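Remember, it's a predicted structure, so these values are computed and weren't measured experimentally. Remember, it's 1-based here, ligands and their atoms both numbered in the order they're listed. All heavy atoms count here, side chains included; hydrogens, waters and symmetry mates do not.
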Amino acid sequence: MARSPRPDATVPDLSVFDFLFGGLGEEDLDQVAIVDGMSGAETTYRQLVGQISLLAGALADRGVGVGDVVALLCPNVPAFATVFHGILRAGATATTVNSLYTPDEIANQLTDSGATWFFTVSPLLPGAKAAAERVGIADDHLIVLDGAEGHPSLRDLLGEGHRAPDVTFDPAEHLAVLPYSSGTTGRPKGVMLTHRNLVANVAQNMAAIGLERDDRVLAVLPFFHIYGMTVLLNYALRCRASLVTMPKFDLAEFLRVIGEHRATWLFIAPPIAVALAKHPLVAEADLSSVKVVFSGAAPLDGALAEAVAERLDCTVCQGYGMTETSPVTHVIAVDRPDLDRSSIGHLLPSTEARVVDVESGADVEVPADGASEPGELWIRGPQVMKGYLGNDEATATMLDADGWLHTGDIATVTVDGVYRIVDRLKELIKYKGYQVAPAVLEAVLLGHPKIADAAVIGVLDEDGQEIPKAFVVVQAGADLTADEVMAHVAEHVAPHEKVREVEFIDVVPKSTAGKILRKDLRTRQATGAAS
Ligand code: 4UW
């Protein structure tokens, strides 16, 4: 068992709102909290807190408070921060929805989370409305931030002028958010994160990562995902930095926004690192303001990290974690330029870890020199989730009686406490940092009349990035092409979940209990064996 080399972080017994905004000083209020990277419109901390309070008041006036779940389907625009923190300030729980989701996927999350109010934006209204209708959320409970006929708008709600309510709850028990994650296996599940979980992770980040007041932080990674939620919307704002929002990634726009707003920190996922290292457009851009590029959500190759550092003349750092840990557990902090960039660095303060041999269940030996043998990474700390909503069985598989969360990632560790992710035990696939659940794709594949059986794993493309690949068994006597398989999946899932490679096989390898042997498919992929 290992602990962080840094002193413990103090985790105050506060709500997310009070921790982030309760201590705003006079000198902070006129600081820019958020810049809309597209229009350049600025929101100060004073304005942001004012809007959050008004939204909380409008929600309270509608009877929304502790015990209610409010869904938010919205790209990265400044109003996301108002709504997200307004929901929490009112005492309700926010469930953030992937803005790429299909109406079916949205409806599943609305139903599973028990959401009764729903915020979205007009470009996403068709999908949101279809989902809302399916689950019985009426038009007056479906708020369209920028306005749409028949729906309340954000301006309507803020214009009512209600004061924020007095709410009381126990931050250690009360759910702040319910993001969705498939975890180690199966379909997406609601991850129960308390106010304390989120406050803790911000406090832990503050004691390690190194973002400073006055930094301008590019916020292109989605706020709905735990990475954007905690690191951008919570940690950066608590540091009194300025967020520069972008609703979606487009390289030319990304480079323009960095130059125009003099962004100092870029939080990215590895595919953006590939673009920064290789794309010709980068050579023409003014990236002289960039001090730090911080990557997370999927493995970062060491040579790629070097290439980015050299080309941008900046520091490249890496963080690791998962939705179930709020998410950050490990980082290469900016004050550790000595660490290998392909490692995930050290444990965050107040975080413990074990690296456990998968066969024997014992902690791996850590040699005096070099890295340990690989084992499953286990985590314990105040950022670890309460469990999965309404799914005790899935919770019990991941969280043991001693509070250890079994990540499903395979890591090594050195005697200096530097960790490296070397493999994944669980079936989860990360495509551009987004979660893709094989179970979801396999169900879609099995829905095709010409497919007898199917299994999906992650494989690497030529840039070393993970993509979903389907192994398909065709029904006897049927004719099916790889393109037809991919088109069928694309019709039923969000764009990031598409199957991007297909191989036809005779039989899907399975255990006697009928579980897909993904390990065998990975071996087959690695060796090119047609066994
Ligand atoms: N290297 C290898 C990594 C890495 C990784 C994540 O969608 P989720 O549940 O959560 C995330 C969290 C991203 C994140 C955490 C902490 C942090 O500092 C940061 O950047 C600043 C980003 O993506 O997926 C969790 C799974 O994603 C893989 C790993 O398999 C993990 O269980 N993963 N980060 N640096 N793999």
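In this structure, Arg524 fails the cation-pi test against Phe471, since its NZ or CZ atom is not both closer than 6.0 Å to the six-membered ring centre and inside 45 degrees of the ring normal.
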Note every protein N or O atom lying under 3.5 Å from an N or O atom of ligand 1, pairing the names and giving the distance.
from     : atom 1 : to     : atom 2 : distance (Å)
ligand 1 : 7 (O)  : His225 : NE2    : 2.7
ligand 1 : 7 (O)  : Lys430 : NZ     : 3.1
ligand 1 : 7 (O)  : Gln435 : NE2    : 3.2
ligand 1 : 9 (O)  : Thr323 : N      : 2.8
ligand 1 : 9 (O)  : Thr323 : OG1    : 2.6
ligand 1 : 9 (O)  : Gln435 : NE2    : 2.9
ligand 1 : 20 (O) : Tyr227 : OH     : 3.4
ligand 1 : 23 (O) : Lys430 : NZ     : 2.7
ligand 1 : 24 (O) : Lys430 : NZ     : 2.8
ligand 1 : 27 (O) : Lys430 : NZ     : 3.1
ligand 1 : 30 (O) : Asp409 : OD1    : 2.7
ligand 1 : 30 (O) : Asp409 : OD2    : 3.3
ligand 1 : 30 (O) : Arg424 : NE     : 3.0
ligand 1 : 32 (O) : Asp409 : OD2    : 2.5
ligand 1 : 32 (O) : Lys426 : NZ     : 2.6
ligand 1 : 34 (N) : Ala297 : N      : 3.1
ligand 1 : 35 (N) : Gln318 : OE1    : 2.9
ligand 1 : 35 (N) : Gly319 : O      : 2.8

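Scored by the ring-ring contact (aromatic ring centres under 6.0 Å, His included) test, Tyr320 finds His330 as partners (sequence neighbours excluded). Listed by chain and number, the residues in a ring-ring contact (aromatic ring centres under 6.0 Å, His included) with Tyr434 are His496 (sequence neighbours excluded).
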Below 3.5 Å, can you tabulate the donor-acceptor pairs from side chains in residues 263-272 to any protein atom, sequence neighbours excluded?
from   : atom 1 : to     : atom 2 : distance (Å)
Thr264 : OG1    : Asp215 : OD1    : 2.8
Thr264 : OG1    : Arg216 : N      : 2.9
Thr264 : OG1    : Arg216 : O      : 3.2
Trp265 : NE1    : Asp215 : OD2    : 3.3

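Judged purely by atom type and a 3.5 angstrom limit, Gln435 uses its side chain to pair as donor or acceptor with the backbone of Ser182. With hydrogens and angles ignored, the 3.5 Å screen pairs no side-chain donor or acceptor of Thr102 with any backbone N or O of Val493.
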